[in-house]
Chemist: 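Handing you this structure, nothing more for now.
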Protein chains: 2
Amino acid sequence: MSRRERLRAQTSAEIKAIALKLMGDGGPDAISLRAIAREMGMTAGAIYSYFPTRDDLITALVGDVYTAAVEAAESARDAVPDSDTGGRVLAWAQAMREWALANPEGFRLIYGDPVPGYRPPGDGPGREAELRACSGLIGLVAEAWPTARTLQPEGRDYDWAGFDAGLAAHVREDFPGLPPAAVALTLRVWGRMHGLVALEIYGHLSGLIHDPGAVYRDEMHDLIASLGLNA
Amino acid sequence: MSRRERLRAQTSAEIKAIALKLMGDGGPDAISLRAIAREMGMTAGAIYSYFPTRDDLITALVGDVYTAAVEAAESARDAVPDSDTGGRVLAWAQAMREWALANPEGFRLIYGDPVPGYRPPGDGPGREAELRACSGLIGLVAEAWPTARTLQPEGRDYDWAGFDAGLAAHVREDFPGLPPAAVALTLRVWGRMHGLVALEIYGHLSGLIHDPGAVYRDEMHDLIASLGLNA
DNA sequence: TGATTTACTACACGCCGTTCAAAGTCAGCA
DNA sequence: TGCTGACTTTGAACGGCGTGTAGTAAATCA
């Protein structure tokens, strides 16, 4: 790596770091190229040497932030012994909520409109982190599948063709024998973990109940029970 | 109502109508005072006679849009006979999802950051619609409470003090005898209905599964079953 | 050394929300 | 009828935004 490349990587990292700091201070809207440049003693135009457009910077940030969130969830899960699947699910869920509460701007960046009009790209580090999160959840559901399968609706039969081809290939490689219905169940689990947190982060619970965490805890315990586990 | 007041109300309504149209065309970010004024053949400054700031206009819009969504859910629910509580819950859930898919910008306006930095006020028509939605859901949970209560976690005891005073008073008047735990359960139901729809609207499911509706349907059937009902 | 690639500045463009003085409009009263 | 006072609208301005483009200086390479 030449001196040039090193400097370039360093500046690029500094841009992202400052963007995250600005986001932490003043929300996702505070991420303006001009503000970043101001903080770095540069001009706004200079950033275009590193990120062709503002959305590309956002995309890079989403990747970093999402990766951090997934790593928090993974390490919380791994702190619970393999035998306690219910505890691992709960740890994942609680870690996700706590991360969201600690980084509400990050949550908005990933799960909301970071900037109105911004559309996440179909690939890149953000997509990778999303697949990693999905994979982590599928792993948990796979652990629970033997007990959970009796709860599946019998009428519907899922088919691998109904899923994204890349995801399907991934799952079939990592979890051989796991049926597509388990992936569908994973999405439901994801939705269930996501719903209350999204409502809370966007302020829809604060005016109704004083301790949303208790409700979330109950919901997660019910989820775990519905998977045939106990926490 | 004097001629002046009539004109004023008319112009105010036109501003909101155009804002909704712009939102439908180009997302929430397309709601700019200048664009609205342009469309109306006015100047941007003139709008300040009607809405003191852009956020106040947004707040008014949120109220309108939220009310429309709630009315859609209510009428879907009321199209199912009282005796079929499970069907009423399902109708509400499906109506909410379908409304969100038909009005993604509206969904973002209510449940996301319409504009980065915008914070919904503690009262006003938006809050009213939110309470109305909450009330509708509480009604459904109240219908299901006799069968659902066995599913409540026994360790935790909710207290009216844990809830917003206004909400608590409202519930105790409309649903006498309903315990606070039922309200907590309602929030969980809300979160469960919200989660998958939020993920879908913000594009997190489209890259994973082709028919998110099927997953949502399964999830709602499971929710209804967990309430001790059948759909 | 000279040629080329790269990083950056400076400036321009058109968008935005917001403010404000001045001009226009109109109901109600003398 | 004419006048007054309240309301509405204009038009210009301010500062901020993302985005391009032209030019400059430095680092790199042959």
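So you know, we letter chains A, B, ... as the sequences are listed, proteins then strands, and number each from 1.
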Chemist: Side chain of A:M42 only, heavy atoms from C-beta on: which candidate in D:dC17, D:dT19, C:dC8 is closest?
Modeler: C:dC8

Chemist: Roughly how many Å is it from CD1 in B:I36 to C1' in C:dC15, rounded to a whole number?
Modeler: 15 Å

Chemist: Could you pick out which residue, A:A46 or B:Y48, lies toward the 5' side of DNA chain C when each is mapped onto its nearest nucleotide?
Modeler: A:A46

Chemist: Using a cut-off of strictly less than 4.0 Å, decide whether B:T43 has a side-chain nitrogen or oxygen near OP1 or OP2 of D:dT10.
Modeler: yes

Chemist: Rounded to whole Å, please give me the gap between CG in B:L33 and P in D:dG11.
Modeler: 17 Å

Chemist: If the threshold is 4.0 Å, N to carboxylate O, is there a salt bridge linking B:R217 and B:D222?
Modeler: no

Chemist: Over how many whole Å does the gap from A:I15 atom CD1 to C:dC8 atom P extend?
Modeler: 8 Å

Chemist: Nearest-Å distance, CD (A:Q10) to P (C:dA7)?
Modeler: 13 Å

Chemist: Taking the side chain of A:R38 as its heavy atoms from C-beta onward, which of D:dC17, C:dC16, D:dG18 lies nearest to it?
Modeler: D:dC17

Chemist: Do B:D218 and A:Y158 come close enough that some side-chain heavy atom pair is under 4.5 Å?
Modeler: yes

Chemist: Report the residue (B:G45 or A:I47) whose heavy-atom-nearest nucleotide on DNA chain C is the more 5′ of the two.
Modeler: A:I47

Chemist: Does a side-chain N or O from A:R8 land closer than 4.0 Å to OP1 or OP2 of C:dA7, or not?
Modeler: yes

Chemist: Do any side-chain nitrogens or oxygens of A:R34 fall under 4.0 Å of OP1 or OP2 in D:dG16?
Modeler: no

Chemist: Taking OP1 and OP2 of C:dC8, is either one under 4.0 Å from a side-chain nitrogen or oxygen of A:Y50?
Modeler: yes

Chemist: May I ask you to check whether B:H194 and B:Y111 place their ring centres under 6.0 Å from each other?
Modeler: yes

Chemist: Would you compute the distance between atom CG of A:D25 and atom CD of A:E105 and round it to the nearest 0.5 angstrom?
Modeler: 9.0 Å

Chemist: Could you state the atom-to-atom distance from CG of A:L22 to C1' of D:dG16 in whole Å?
Modeler: 15 Å

Chemist: Quick check on DNA chain D: between B:A44 and A:P52, whose nearest nucleotide comes earlier from the 5' end?
Modeler: B:A44

Chemist: Side chains of B:F51 and B:S12: does their closest heavy-atom pair fall under 4.5 Å?
Modeler: yes

Chemist: D:dT28 C1' sits how many Å from A:L7 CG, rounded?
Modeler: 12 Å

Chemist: I need the CD1-P distance between B:I31 and C:dC15, as an integer number of Å.
Modeler: 18 Å

Chemist: Would you say a side-chain N or O of A:S32 is under 4.0 Å from OP1 or OP2 of D:dC17?
Modeler: yes

Chemist: Looking at B:T11, does any N or O in its side chain come under 4.0 Å of the phosphate oxygens OP1/OP2 on D:dT8?
Modeler: no

Chemist: How many Å lie between CZ on A:F51 and P on D:dG20, as a whole number?
Modeler: 16 Å

